[in-house]
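Read through the structure below, which is laid out as structure tokens, and then see the notes.
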Amino acid sequence: MTRLQGKSFIIAIYCVIRCILYPNTKIVLASGTRSQAGKIITEKIVQLYNDHPMVRFEIGNRKNNIKESANDTHVEFPNGSKIAAVVSNDNARGLRCNILIVDEFRLLKKDFVEKVLQPMLNVVRRPPFMDRPEYKNYPKEDNKEIYISSAWFKSHWIWDAFKTYLKEMAKGNPEYFVVDLPYQLSLHHGILQENRIDNIKTKDDFDKTGFDMEYEAIFVGENDKAYFKLDPLNKIRTVNKTFRPPTNQEFVENKLRAKPKTLSNFKRIDRTNEIRIVALDIALMGGNKLVKNDTSAFTLMRLIRDGDEYKRQVVYLESIRDSIATADLAIRLKELYYDFEADYVVMDANGNGLGVFDACATVLTDKERDVEYPAWSCINDDETNDRTKTKGIKCVYTVKASAAFNHEIAVSLKTVIENGKLRLPINDIQKREELQADPKYRKLPPEEQVRILYPYVQTTALVNELVNLEYVVRAGMIKIYEVGTTTKDRYSSIAYCNYYANELEKDLKEQSGDFLDYFRIG
């Protein structure tokens, strides 16, 4: 159940052959993404039609029998068979088929599969010959369900389905068949190059969890020591618009305009009920060959007031894996702060963090943008300010790790994940499919497409990082730690951000309480 090259083409061949050989066959193609099912018809079946005269003969006139619009994608055969692609939402209710094929079904909810897709099979195929009296007792065929997907986390419902099908097949039940196809099969048949795999494995940002699921066809489990669980994390991935910082080129070109325009796609409008935070976990040696799990990680979060609480939206994530100078990291922090029109910065002021804070406490010149950034100062630690002797803009909240602090940020982050107060960008696979349906996106240069998808991909990396972190309890406190080459930099960054959001929320609750005191009767 992995993403094998040519998979969609194999599905297309199966559908066409089945419809030709078995009249009145109705096939529904569903997918966990918006456009994937339709592409099997618009790309693969159309290719079969163009390349093979016998397929053209069986389908007939393309204009009449192959519909390729976004709202109606299907193929009709003169013998009564039909292949139709459906969008996996409630609009698919009421359709009927003899064969249900669900692609990337890991992206679907179990409830939707059981209540919308599977009921489509509540119909029996009736070829024309069965209307003849001599065939009235002809045995009815069983309908078929075919599920295809990359592997995923063991906490997902498809792992239980996989095991159920495997057990039935092992018992000899002919109605069940399961196959798990890792990338080595593609290598064997020459449709994937080995150096391609080697390049993926040696990338600085290599994600072993993602590789195991996508290429090795391995279901990854959450062990007993995992502190953050996948299911709550997937439930909060609902943010469909992310922040896109301008490139240096865009910034410079815009600055030279007679009337510079707003570059931010998240222009600040309501400054009363929204607070913006940039958090940074600092690592300066990410590019060192001896340091494989050390990354500087930024988290950009919006706090939206809801009564006396703040709902939290993460709208951008960024990682710097290369070695970077203290001043350069401070400049990138200031770029993001001003691009995002942020209110506060949260950063570690221990170790390397202290050097980055010292740089932020000075006037910095951004040579790439030709901008001079003012000095900053700390809002919660006068001793830190006294070191720099600088009266900068008070916008930096510094954190200094301790066992108690690490315990608190871990527990509070898990709390907002589980109660839904925190929201993260949607799955990058889902977003990619949404964007592919937009002609404007498809016309963009590849580097621009990558840039748009970047925060969604980073969020998937964050989720993979979180579920791979383990924990121990010492003296009544939670300690989070990484295992092997896994990282916890994205975790630290978002945990710092959430911690300060809690501090701001405490202030908000106190203000609300003070306001109510005016209306109390003694």
Side-chain angles (χ1 to χ4, degrees), residues 1-20 25-52 55-56 58-77 80-109 112-113 116-121 144-150 158 240 426-444 449 452-453 456:
M1 292 188 1
T2 189
R3 188 188 299 259
L4 180 65
Q5 285 193 8
K7 175 193 64 178
S8 297
F9 200 68
I10 293 171
I11 296 173
I13 293 172
Y14 168 78
C15 291
V16 170
I17 292 175
R18 171 77 194 201
C19 286
I20 292 173
T25 293
K26 302 297 187 289
I27 298 178
V28 164
L29 301 169
S31 177
T33 57
R34 180 173 297 180
S35 62
Q36 184 66 29
K39 284 182 179 179
I40 292 174
I41 292 176
T42 59
E43 295 182 6
K44 307 306 179 184
I45 291 181
V46 167
Q47 182 181 342
L48 289 172
Y49 183 93
N50 292 334
D51 294 345
H52 300 280
V55 174
R56 288 199 296 276
E58 294 291 346
I59 293 178
N61 184 278
R62 173 176 173 177
K63 184 176 181 180
N64 294 334
N65 294 341
I66 301 181
K67 304 299 181 182
E68 302 179 54
S69 70
N71 298 322
D72 182 15
T73 308
H74 72 262
V75 180
E76 291 186 1
F77 294 75
S81 293
K82 183 177 181 179
I83 306 169
V86 301
V87 176
S88 296
N89 56 35
D90 282 347
N91 294 330
R93 290 183 185 274
L95 296 176
R96 292 293 179 262
C97 64
N98 310 114
I99 299 175
L100 172 66
I101 300 176
V102 187
D103 194 11
E104 291 298 349
F105 74 104
R106 66 188 171 99
L107 299 178
L108 298 177
K109 294 181 180 179
F112 176 81
V113 172
V116 178
L117 295 183
Q118 290 178 346
M120 293 179 180
L121 296 162
K144 304 294 182 184
E145 303 171 51
I146 301 173
Y147 297 93
I148 306 162
S149 178
S150 304
I158 72 167
N240 203 11
I426 63 174
N427 188 288
D428 59 294
I429 298 174
Q430 178 185 349
K431 187 63 181 181
R432 183 181 289 107
E433 291 299 326
E434 287 184 8
L435 291 169
Q436 287 294 342
D438 183 357
K440 292 181 180 179
Y441 175 82
R442 295 199 300 268
K443 292 178 181 178
L444 292 173
Q449 293 183 0
I452 292 172
L453 275 171
Y456 302 94

Nearest heavy-atom pair of His74 and Asp72: which atoms, and what distance? ND1-OD1, 2.7 Å

Are any of the side-chain heavy atoms of Arg106 and Ile429 separated by less than 4.5 Å? yes

Heavy atoms only: give me the nearest Leu100-Gln118 pair and the separation to one decimal. CD2-N, 4.2 Å

Determine whether Arg18 and Val16 make a side-chain contact, defined as any pair of heavy atoms from C-beta on separated by less than 4.5 Å. no

When you measure from the side chain of Tyr147 to the backbone of Glu104, do you find a donor-acceptor pair of N or O atoms at a distance under 3.5 Å? no

Is Glu434 close to Asn240 at the side-chain level, that is, under 4.5 Å between some pair of heavy atoms? yes

If I take atom CD1 from residue Ile148 and atom CD1 from residue Ile11, how far apart are they, to the nearest 0.5 angstrom? 3.5 Å

Would Ile27 and Cys97 satisfy side-chain contact (heavy atoms from CB on, under 4.5 Å), going step by step from the backbone distance to the final call? CA-CA 5 Å; Ile27 298 178; Cys97 64; 6.0 Å; no

Within 6.0 angstrom of Lys109 NZ, more than 12 heavy atoms from elsewhere: no

Gap separating the CG atom of Asn65 from the CD1 atom of Ile83, nearest 0.5 angstrom: 11.5 Å

For a side-chain contact (heavy atoms from CB on, under 4.5 Å) check, start with the C-alpha distance between Lys39 and Lys44, then their side-chain angles and the critical distance, and finish with the verdict. CA-CA 7 Å; Lys39 284 182 179 179; Lys44 307 306 179 184; over 6 Å; no

Between the CG atom in Leu48 and the CZ atom in Phe9, the distance rounded to the nearest 0.5 Å is 4.0 Å

So CD1 of Ile146 and CG of Leu29: to nearest 0.5 Å the spacing works out to 9.5 Å

Any Tyr49 side-chain heavy atom under 4.5 Å of Ile41 side chain: no

Do Ile426 and Tyr456 have side chains that get closer than 4.5 Å, going by heavy atoms? yes

Could you tell me whether the side chain of Thr73 and the main chain of Ser69 form a donor-acceptor pair under 3.5 Å? yes

Would you check if Arg442 and Gln436 make a side-chain contact, meaning some heavy-atom pair closer than 4.5 Å? yes

Indicate yes or no: at least one non-hydrogen side-chain atom of Leu117 is less than 4.5 angstrom from one of Leu108. yes

Looking at Lys431 and Glu433, is any side-chain nitrogen of the basic one under 4.0 Å from a carboxylate oxygen of the acidic one? no

Enter the distance from Lys82:NZ to Lys26:NZ here, rounded to the nearest 0.5 Å. 8.0 Å

Heavy-atom closest pair (Lys63 atom, Lys67 atom, distance to 0.1 Å) is O-NZ, 3.4 Å

Please lay out, stage by stage, how Tyr14 and Ile99 fare under the test side-chain contact (heavy atoms from CB on, under 4.5 Å). CA-CA 11 Å; Tyr14 168 78; Ile99 299 175; 3.5 Å; yes

Pairwise side-chain contact, Ile20 with Ser81, heavy-atom cut-off 4.5 Å (strictly under): no

Which value, rounded to the nearest 0.5 Å, describes the distance between Asp103 atom CG and Ser150 atom OG? 8.5 Å

Test: Arg62 and Glu68 ion pair at under 4.0 Å: yes

Checking Val46 against Ile66 for the side-chain contact (heavy atoms from CB on, under 4.5 Å) test, could you report, in this order, the C-alpha distance in whole Å, the side-chain angles of both residues, the deciding distance, and whether it holds? CA-CA 8 Å; Val46 167; Ile66 301 181; 4.2 Å; yes

Judged by atom type as modelled, is there a donor-acceptor pair below 3.5 Å linking the side chain of Arg96 to the main-chain atoms of Leu121? no

Heavy atoms of Tyr441 and Leu453 approach each other most closely as OH-CD1, 3.4 Å

